S.K.: 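Attaching a single structure in structure tokens format; questions to follow.
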There are 2 protein chains.
Amino acid sequence: MKLTARQQEILDYLHAEHRQSGIMPSTREIQEHFGFASQTAAVSHLRALEKKGAIVKKDRKARSLIFADAADREPIVDVPIYGAIPAGYSDDTTPEADGTLSVDVRSMGLDERSKAYALKVRGESMIEAHIMDGDHVVLEYREPRDQDIVAALIDGETTLKRYVNNGRKPFLKAENPDFPDLIPAQELLIQGVMVGLVRGASRRW
Amino acid sequence: MKLTARQQEILDYLHAEHRQSGIMPSTREIQEHFGFASQTAAVSHLRALEKKGAIVKKDRKARSLIFADAADREPIVDVPIYGAIPAGYSDDTTPEADGTLSVDVRSMGLDERSKAYALKVRGESMIEAHIMDGDHVVLEYREPRDQDIVAALIDGETTLKRYVNNGRKPFLKAENPDFPDLIPAQELLIQGVMVGLVRGASRRW
DNA sequence: CAAGAACATGGATAAAAATACAGCGTGCGC
DNA sequence: GCGCACGCTGTATTTTTATCCATGTTCTTG
């Protein structure tokens with residue numbers, strides 16, 4: 001169903017207000033903003049918007065409208081970005097984060113409950129897996145499977161490697177011919193499994 | 001300032017409710033959820049949370065609390081994902097989107113006003129720029145600069161190419177030796193400039 | 001042209017929600 | 001042992017807000 005121009009205006013106002021202040025306008029605030037002489041004007045517009053499926057309202061509650069597309073939108077998780085993960089990391093101590101990255105659950109295939117985190121990639125050791133210097137890699141805590149890309153603690157530093165488990169002893173492998181490292185995986189602390197990647201602007205590619 | 005255990009419980013409840021339903025609980029709803037006999041209990045907790053800086057309240061408004069960290073968090077934009085952009089695209093007609101991608105403004109360096117969109121990458125023509133098949137590329141409408149990666153309309157299909165403008169005639173270049181195409185850029189419709197990349201899970205790398 | 005949708009006014013009502021005030025017990029630091 | 005933050009009860013008041021009814025104007029559209 002298509003919205004009329006006026007209805008789109010109302011919807012835009014709702015969006016703008018909600019984005020800016022975080023709370024939904026009440027009918028009176030809509031009325032005042034548009035200069036309506038009566039609340040009914042605002043109410044009937046909201047009703048029209050609801051009928052056309054643009055918003056969803058819960059009855060008899062203050063400011064209880066939500067945008068229809070927000071209702072079925074994938075939730076967003078804020079994953080903390082760590083420059084590096086210190087050695088004795090346990091669940092209680094939260095290492096200091098260099099900001100957060102917000103990603104929607106679906107595009108990463110994340111589980112909302114699993115504590116994910118992001119790591120800023122340094123160096124070119126995974127360049128052949130098309131992971132560049134400066135990329136942010138999103139990781140999850142879980143058991144690695146064969147060919148997963150994992151974050152591992154090597155010599156007190158966290159680095160990204162491919163986890164290979166082909167029946168024999170599992171080992172870690174860099175994706176760069178300059179790093180022909182084959183490191184037995186048992187002795188190492190696997191700190192996470194890569195589930196996604198975010199490459200931002202402000203860089204050259 | 002540290003929160004007490006009870007205050008953290010209240011804050012968690014607020015977070016959970018807000019994430020799930022999109023609207024903030026009122027004092028009565030808090031009261032009922034925790035089984036308080038009086039609204040004042042909820043109110044005083046909210047006051048404590050506000051004093052400690054966990055939430056921000058606007059006076060005399062229903063459901064007008066917002067989380068303090070949400071107030072200064074980077075805004076999130078929902079960029080539509082297009083499989084391909086049709087030829088005669090104009091600002092009025094919105095091509096159908098294959099879902100949306102939510103990214104925070106800062107990590108992409110996006111301008112919130114500029115209408116960004118995402119494109120699902122097909123094929124390996126940009127593999128040497130480390131853009132893989134299945135990646136989602138985020139693009140902005142603006143003039144391309146030298147060495148930018150752009151989406152261009154070639155033979156009715158949208159493809160990703162590197163824009164090269166070294167003083168002479170600008171042209172487009174694929175980042176794959178199997179695609180040695182040099183296409184004069186003038187004759188083509190540049191549909192966007194790459195500003196970021198999101199690589200999701202549910203694929204092998 | 002009739003019918004309906006969209007858009008608006010004016011006034012009224014009741015539910016929902018924030019706010020206020022007066023207490024009470026417990027633990028903690030000084 | 002005094003003050004103070006914390007967590008809560010109980011009652012009352014005021015503001016905010018959603019909702020309803022009756023009515024009128026302009027469009028569009030079959």
Side-chain angles (χ1 to χ4, degrees), chain A residues 1-18 20-68 70-71, chain B residues 1-68 70-71 92:
Chain A
M1 278 237 225
K2 271 253 296 272
L3 301 182
T4 66
R6 194 60 161 161
Q7 287 165 359
Q8 186 63 52
E9 261 186 83
I10 308 262
L11 190 62
D12 286 344
Y13 166 69
L14 294 179
H15 262 119
E17 275 298 314
H18 181 254
Q20 206 221 319
S21 72
I23 55 183
M24 275 292 183
S26 68
T27 52
R28 266 136 226 264
E29 285 167 353
I30 300 172
Q31 176 196 351
E32 278 177 38
H33 179 263
F34 286 96
F36 295 148
S38 161
Q39 307 140 48
T40 316
V43 172
S44 60
H45 275 124
L46 291 185
R47 243 195 284 270
L49 284 175
E50 191 183 18
K51 207 179 66 180
K52 296 191 177 181
I55 60 176
V56 177
K57 275 183 35 171
K58 301 220 194 323
D59 270 8
R60 308 197 150 272
K61 272 195 181 178
R63 301 172 189 275
S64 62
L65 14 149
I66 52 176
F67 301 110
Chain B
M1 278 235 227
K2 269 252 296 274
L3 300 183
T4 67
R6 196 61 164 156
Q7 286 165 2
Q8 186 63 51
E9 262 186 83
I10 307 262
L11 190 61
D12 286 344
Y13 167 69
L14 294 179
H15 261 119
E17 274 299 314
H18 181 254
R19 173 147 290 174
Q20 206 221 320
S21 72
I23 55 182
M24 276 292 185
S26 67
T27 53
R28 267 137 226 260
E29 285 166 353
I30 300 173
Q31 177 195 350
E32 279 177 37
H33 179 263
F34 286 95
F36 295 148
S38 160
Q39 305 142 47
T40 316
V43 172
S44 60
H45 275 123
L46 291 185
R47 242 194 285 271
L49 284 175
E50 189 182 20
K51 206 177 67 179
K52 296 192 177 180
I55 61 174
V56 178
K57 276 183 35 171
K58 303 220 193 324
D59 270 7
R60 307 192 155 273
K61 271 193 183 180
R63 301 170 190 277
S64 62
L65 12 151
I66 52 177
F67 301 111
D92 304 319

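It should be emphasised that the depicted structure is a prediction, and the values quoted were computed from it without experimental measurement.
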S.K.: Spell out, as yes or no, whether a donor-acceptor pair under 3.5 Å connects the side chain of A:Glu32 to the backbone of A:Glu29.
M.R.: no

S.K.: For C:dA5, take OP1 and OP2 only and decide whether either is under 4.0 Å from a side-chain N or O of A:Lys51.
M.R.: no

S.K.: Is a salt bridge present between A:Glu50 and A:Arg47, judged by a nitrogen-to-oxygen distance below 4.0 Å?
M.R.: no

S.K.: Take atom NZ of A:Lys52 and atom P of C:dC7, then tell me their distance rounded to the nearest Å.
M.R.: 7 Å

S.K.: Rounded to whole Å, how long is the line connecting atom NZ of B:Lys58 with atom C1' of D:dT16?
M.R.: 16 Å

S.K.: Under 6.0 Å between ring centres: does that hold for B:Phe67 and B:His18?
M.R.: yes

S.K.: Examine C:dA6: is either OP1 or OP2 under 4.0 Å from a nitrogen or oxygen in the side chain of A:Thr4? Give yes or no.
M.R.: no

S.K.: Could you state the atom-to-atom distance from CD of A:Glu32 to C1' of D:dT17 in whole Å?
M.R.: 12 Å

S.K.: Using atom CE of A:Met24 as one end and atom P of C:dA17 as the other, report the distance to the nearest whole Å.
M.R.: 16 Å

S.K.: Could you state the atom-to-atom distance from CZ of A:Arg6 to C1' of D:dC27 in whole Å?
M.R.: 15 Å

S.K.: Atom CZ of A:Arg63 and atom P of C:dA17: how far apart are they, to the nearest Å?
M.R.: 11 Å

S.K.: Residues in side chain to side chain contact (heavy atoms under 4.5 Å, CB included) with B:Ala62, at least two apart?
M.R.: A:Ala62, A:Arg63

S.K.: Would you say the side-chain atoms of B:Ser44 pair up with the backbone N or O of B:Ala41, donor to acceptor, closer than 3.5 Å?
M.R.: yes

S.K.: If you take atom types as modelled and just measure distance, does the side chain of B:Arg28 reach the base of C:dA16 with a donor-acceptor pair under 3.5 Å?
M.R.: no

S.K.: Does D:dT17 have OP1 or OP2 sitting under 4.0 Å from an N or O in the side chain of A:Gln31?
M.R.: no

S.K.: Check B:Ile66, B:Leu46, B:Ile10 against B:Ile55 for a side chain to side chain contact (heavy atoms under 4.5 Å, CB included) and give me the one that passes.
M.R.: B:Leu46

S.K.: Rounded to whole angstroms, how far apart are CD1 on B:Ile30 and P on C:dT19?
M.R.: 12 Å

S.K.: Calculate the interatomic distance between A:Gln8 atom CD and C:dC7 atom P; express it in whole Å.
M.R.: 12 Å

S.K.: Tell me the closest heavy-atom pair linking B:Ala42 and B:Phe36, and the distance in Å.
M.R.: N-CD1, 3.8 Å

S.K.: Scan residues 33-48 of chain A against DNA chain C and write down, sorted by residue number, each residue with any heavy atom closer than 4.0 Å; if none is found, say none.
M.R.: A:Phe36, A:Ala37, A:Ser38, A:Gln39, A:Thr40, A:Ala41, A:His45

